[in-house]
Participant: 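Got a structure for you, written out below as structure tokens; questions coming shortly.
Just so it is clear, the values below take in all heavy atoms, side chains as well, and ignore hydrogens, waters and symmetry mates.
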Amino acid sequence: MGYVLSMKIINLILFTLTIANLLQSASFADQFDDLGDALFDPKLPICSDSLVRLSKEPLDCNFEEAPGSQPKFDIPALELDHIDLQEIFNGAESSGGRLVNPMGRASRPLTPFSFSVSCKASLISDGKKRVSFLSTQSFEMNQDKYELSLSDKKWLHSLMEGNTFEERRRIPISFSPNIDLSKFSIQLTYPQRYVGDNRLNLRVCEQTRDHDFRICSQKEMSLSKESILVELYSEVQNRQQIILKTLRINCQIH
């Protein structure tokens, strides 16, 4: 009889503790929900918005899902969707124009001697976001082909974090940046300072949108050296946003 009574008392105690724990858990859950409501700021964007994910600087935001959850992205390495690519330049429009005087029309050899250079064009398009576009294409030049336009159809495009050529994390994409890439030209000139001079000038230019003038950068190259590098910087303001473009031409001399 005493054993049965003891078990009933123990069961009653366990039942009481269980009810107390459930009530405490419910109270904690209510407090957690209240805390979550207090942390939600209607003035802040949702953390999954393009505005937040593309921001160059970290932004305060509201979680719409549990922190640490992993939503699916079209470009998971950079946590971007395809629709974000248009937002990088905030709707910047491409004019699709062409150079007034297209290059590639050389009619006679530039120099009395033969030469050949293999070049790579690298273009960073920076909309002051967390990521930038990197576009590249390769071309050849020689004594018969010494001026040309960079074709907007031959660019290969990537996304990268940051905005320098030293960035190593690059994600190839099939989308082109929503800006005009058809107005860059490359030209070699021969100064002919004296007989037997083997130095050339490498000139890189970009035509302005209204064709009034070109911006150019030029450097002298010696055919006795192995390589030459020229960079051209330009800015485009479109819809209250400034887009920075940096074109680097790196040529290897054969």
Participant: Restricting to ring-ring contact (aromatic ring centres under 6.0 Å, His included), what partner residues turn up for His82, sequence neighbours left out?
Facilitator: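 ring-ring contact (aromatic ring centres under 6.0 Å, His included) check on His82 returns Phe175.
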Participant: The criterion is salt bridge (charged side-chain N to carboxylate O under 4.0 Å, His left out); which residues satisfy it with Arg203, sequence neighbours excluded?
Facilitator: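 Residues passing salt bridge (charged side-chain N to carboxylate O under 4.0 Å, His left out) with Arg203: none at all.
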Participant: Per the disulfide (SG to SG under 2.5 Å) rule, what does the pair list look like for residues 116-179, sequence neighbours excluded?
Facilitator: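 Disulfide (SG to SG under 2.5 Å) check on residues 116-179 returns Cys119-Cys251.
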Participant: With distance as the sole criterion, is a donor-acceptor pair present between the side chains of Ser176 and His157 under 3.5 Å?
Facilitator: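 There is no such pair (donor and acceptor under 3.5 Å, judged by atom type) between the side chains of Ser176 and His157.
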Participant: For Arg170, enumerate each residue passing the salt bridge (charged side-chain N to carboxylate O under 4.0 Å, His left out) test, keeping only those at least two apart in sequence or located in another chain.
Facilitator: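 In terms of salt bridge (charged side-chain N to carboxylate O under 4.0 Å, His left out), with neighbours along the sequence ignored, Arg170 is linked to no residue.
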Participant: What residues, two or more places apart in sequence or in another chain, satisfy side-chain hydrogen bond (donor to acceptor under 3.5 Å, both in side chains) together with Ser50?
Facilitator: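 If we apply the side-chain hydrogen bond (donor to acceptor under 3.5 Å, both in side chains) test to Ser50, skipping adjacent residues, the hits are Asp84.
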Participant: Step by step, work out the side-chain contact (heavy atoms from CB on, under 4.5 Å) result for Ile253 and Phe115.
Facilitator: CA-CA 8 Å; Ile253 302 169; Phe115 69 89; over 6 Å; no
Participant: Applying side chain to side chain contact (heavy atoms under 4.5 Å, CB included), name anything that partners Thr136, two or more places apart in sequence or on another chain.
Facilitator: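 Partners of Thr136 by the side chain to side chain contact (heavy atoms under 4.5 Å, CB included) criterion, ordered by chain and then number, come out as Lys120, Ser122, Leu134, Leu156.
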Participant: Kindly write out the residues that satisfy salt bridge (charged side-chain N to carboxylate O under 4.0 Å, His left out) with Asp152, not counting sequence neighbours, or none if the list is empty.
Facilitator: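 Salt bridge (charged side-chain N to carboxylate O under 4.0 Å, His left out) check on Asp152 returns nothing, list empty.
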Participant: My understanding is that only residues two or more places apart in sequence, or in another chain, count here; which of them pass side-chain hydrogen bond (donor to acceptor under 3.5 Å, both in side chains) with Thr189?
Facilitator: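 So Thr189 forms no side-chain hydrogen bond (donor to acceptor under 3.5 Å, both in side chains) with any residue.
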Participant: Just to verify, what does Lys219 make a side chain to side chain contact (heavy atoms under 4.5 Å, CB included) with, not counting sequence neighbours?
Facilitator: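 Lys219 satisfies side chain to side chain contact (heavy atoms under 4.5 Å, CB included) with Ile228, Val230 only.
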Participant: Salt bridge (charged side-chain N to carboxylate O under 4.0 Å, His left out) with Glu231: which residues, sequence neighbours excluded?
Facilitator: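 With sequence neighbours excluded, Glu231 shows a salt bridge (charged side-chain N to carboxylate O under 4.0 Å, His left out) to Arg248, given in chain and number order.
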Participant: Just jot down the side-chain hydrogen bond (donor to acceptor under 3.5 Å, both in side chains) partners of Thr111, sequence neighbours excluded, or say none.
Facilitator: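 For Thr111, no residue satisfies side-chain hydrogen bond (donor to acceptor under 3.5 Å, both in side chains) once neighbours in sequence are set aside.
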Participant: Using side-chain hydrogen bond (donor to acceptor under 3.5 Å, both in side chains) as the criterion, list what pairs up with Ser114, not counting sequence neighbours.
Facilitator: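 Expected list: none.
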